[in-house]
Amino acid sequence: MHPMPILKIAVAKPLRSTFDYLPPLDCDDAFIAKLQPGTRIEVPFGKSHLVGVLVSRAPESDIHKTKLKRASRIIDSNSLISGTLLELCLWAAHYYAHPIGEVLTLAFPPLLRKGAETTPSFNAVKLTPEGRLAPRGIQRSPKQAALVERLQSHAMTKNTLRTEGFSNAVIKALIDKGFATTCRIDEPVPATEPPQPLPTLNPEQDHAVKQLSKLRGFAAVLLYGITGSGKTEVYLQAIANTVSRGQQVMVLIPEIALTPQTASRFQERFGAAVGVLHSGLTEVQRAREWERARSGKLQVLLGTRSALFTPFHTLGLIVVDEEHDSAYKQQDGFRYHARDLAIKRAQLEGCPIVLGSATPSLETVSNVVSGRFQRFTLSTRASAATLPTWQITDVRQQPLKAGLSLALIKACQDTLNKEEQALLFLNRRGFAHTLLCHDCGWVAHCDHCDSRMVIHKRQNKLRCHHCQAQKSLPKNCPNCHSHQWQGVGYGTERAELALQGLFPNTPIYRIDSDTVSSAAQLDTVLQAINDNKNGCLILGTQMLAKGHDLARVTLVGIVDTDALLFSSDFRAEERLTQLLTQVSGRSGRGSRQGSVMLQTHHPEADIFHQVIHQDYWEIARSILAARQNNGLPPFGQLVMMHADSKDPSEAERFLALARQTLNSILPNSHLLIGPLPAPLSKRAGKFRYQLTWLAPHEKNLHRFANVIADTLTRLPHKHELSWSIDIDPHEFL
Ligand code: ADP
Ligand code: ZN
Ligand code: ZN
């Protein structure tokens, strides 16, 4: 008998262990002995079959041999993912105390998770020999003639043809006439882009590129550059150097849909050698990009957080752009932080990693201060632009029009008079956040959440921003039948209406998730703004704080960020500093001087004066000092356990049991708080409780977290109760 015949296989289910299987009957011992971890294996599971991943082999199982099932099929002859990627997944599952099968599944594209072959080919169309000879039969159809023209040099995928405007009917017509035929091709033929002349780097950029290109093996670097300082140009040139050595580069960005400009800059520079993973890809396209990265055909892969789990042939550099962005943290299911895992991956791969930001996270600042990370600084704006000047507007006792002070309205007018653009930042969508009866004080609450309904006037609806609930705006008050409604508070919809009244002849672009829902839409709006030469107003939520390069914006108005002054989240100060710095950084990126006007009811608040008078690094150091005194991250480590249930006592009881178990295993240096109702105590019909766990930094934390996760998995609880464990949480709602 073979010494290692037991296959330990992870399946993509919320189960915390691997499962033991015997090899399929038709596999000989020598074949089994060569099986690598990471190989996909189909196994019977319950009543169905699942695609699992081999994690390890073992000489024997705890389960009696007669009860062990056999795997049904070995899908891959060699593991498709490298040892380091497998190791990363195992490490992440342990660090975040998350089921291994659900983590490993991320290393494969959806098509392969279902057991498909590795190299999907594409449905394509090519000309027949008759089609090549400029056929007569199509002269009366210009579309068909154009398609024949397009197919002259090579076959093309149907998808590409459709994006170029050739309908299925046109394609079918050519095929029916015998001028074209379907075929399958391996890879879409890349569009050829003309090489761009590269900008001459300024001395700081040049230094950063040169130093980055010298790095060999693992090294972590922060590229700390103020907004508009040319960080992207540094990445592009450092990447080109890595690529020229025959190595690949992984670039993570927070959100592709919100930053179409970034993706197109990479595509312009690297052409077909860059792959972009975004949500608009079909499963086949996704599998194809994955395969191109894995096989080494693709040189640069650009993607959002889950792209982190893509296998590479020879990874030579990782770039994490806007590394402070909260989009890197997954907020449900497997709650990982892509920046943190990217650093781990760089360690395992033995390659350098660059984290770029104008407002780095305090975790990263702390790593620079302690000497674990190097820092390169870009201290001036790349073009002629300088940083904007600030003005704080005290709005106490001032008349406001839809939340806008007369001073801000006048500043907008002055900007428009100069044919420049003004950007107004208001981080609340909808018309007003509360519907209030002026006669009796009745307020519209969500029936399913502990929250108020937001008025969306154009849709004539009340909507809850925490669940899917919505209803029509009521005609009269359900309490006193009065018609005296008041909308309390200001959202972007209301501000837009007010601005339309104030500036009837000015184009107003509103950018929030109600008006812009796709990358294409955003691209169109950004394009319109960049094409506008006579001045316009831009109004939006934090979608606007992302790194858009709007050259004609010279005024940024920050309408209301006061709520963040009073948040109980320990990261609120860090977030507000980042937000103010990023939003203000949209001003004056072109050749003209920009300004920022900040409206507040708390003009004395320290944080505003710090943002204006100190640089971000100084502020970060002082917030860090306070965190250190309180043992908060990054000095201590936080874990949040959540339980939601229809019956509030059920969720509370569950977390009380969790606390009991933790009390019995944790050293005294660990602090437990709760269970307490969550700040949003009810959502979508479920009551929510939290147990907070603050620990000194130590490896053991993850061992304890796994023990408690195992215990809770086995704890009997009602079906409708859901629970989770969040290591290094970013959201405390
Ligand atoms: P960041 O990523 O730091 O926000 P970008 O890389 O987007 O900055 O650069 C801001 C603008 O300056 C872009 O329009 C970019 O093309 C331009 N730029 C960057 N580096 C240079 C340079 N060395 N010379 C001239 N223009 C540059
Ligand atoms: Zn009423
Ligand atoms: Zn709700």
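Both ligands and their constituent atoms are indexed starting at 1 by order of listing.
Residues meeting the side-chain hydrogen bond (donor to acceptor under 3.5 Å, both in side chains) test with Asn202, sequence neighbours left out: none.
Residue Thr200 holds the heavy atom nearest to atom 22 (C) of ligand 1 of all those in Asn202, Leu201, Thr200, Ile226. When Gln582, Gln205, Lys231, Glu204 are checked for heavy-atom proximity to atom 3 (O) of ligand 1, Lys231 turns out nearest.
Side-chain atoms of Ser379 and Glu204 form a donor-acceptor pair, as typed in the model, at a separation below 3.5 Å. Counting only N and O atoms by type, the side chains of Glu650 and Ser645 include no donor and acceptor under 3.5 Å apart. In the model, Ser451 has no side-chain atom that pairs as donor or acceptor with a side-chain atom of His466 under 3.5 Å. For the residue pair Ser361 / Glu323, a side-chain donor-acceptor distance below 3.5 Å is found, with atom types taken as modelled. Checked by atom type, the side-chain pair Gln582/Thr359 shows a donor-acceptor distance below 3.5 Å. For the 3.5 Å distance criterion, the side chains of Tyr328 and Glu322 fail to qualify, holding no donor opposite an acceptor.
Using a cutoff of 4.0 Å between basic side-chain nitrogens and carboxylate oxygens, Arg571 and Glu363 are scored as salt-bridged. Using a 4.0 Å cut-off between a side-chain N of Lys or Arg and a carboxylate O of Asp or Glu, Asp569 and Arg575 qualify as a salt bridge. With respect to Lys329 and Asp726, a salt bridge is recorded, a charged nitrogen being found less than 4.0 Å from a carboxylate O.
Inspection of the environment of the Zn ion (ligand 3) yields the following protein N, O or S atoms under 2.8 Å: Cys446 SG, Cys449 SG, Cys464 SG, Cys467 SG.
Less than 4.0 angstrom separates some heavy atom of Gly230 from each of these atoms of ligand 1: 1 (P), 3 (O), 5 (P), 6 (O), 8 (O), 9 (O), 19 (C). Per-residue contacts place Thr232 under 4.0 angstrom from the following atoms of ligand 1 (heavy atoms of the residue considered): 2 (O), 6 (O), 7 (O). Annotation for ligand 1: atoms under 4.0 Å from non-hydrogen atoms of Arg265 are 5 (P), 6 (O), 7 (O), 15 (C), 16 (O).
In this structure, Ser229 has a heavy atom closer than 4.0 Å to ligand 1.
Arg494 and Gly487 make their closest contact through NH1-O, 2.9 Å (heavy atoms, listed as atom of the first residue, atom of the second, distance). Contact between Gly489 and His433 at its shortest, heavy atoms only, is CA-NE2, 3.5 Å.
Screening residues 469-490 for ring-ring contact (aromatic ring centres under 6.0 Å, His included) gives Trp442-Trp485 as the qualifying pairs, with residues at least two apart or on separate chains.
The distance criterion of under 3.5 Å between nitrogen or oxygen atoms is met by Gly228 with respect to ligand 1.
The count of protein N, O or S atoms under 2.8 Å from the Zn ion (ligand 2) stands at 4, with waters excluded from the count.
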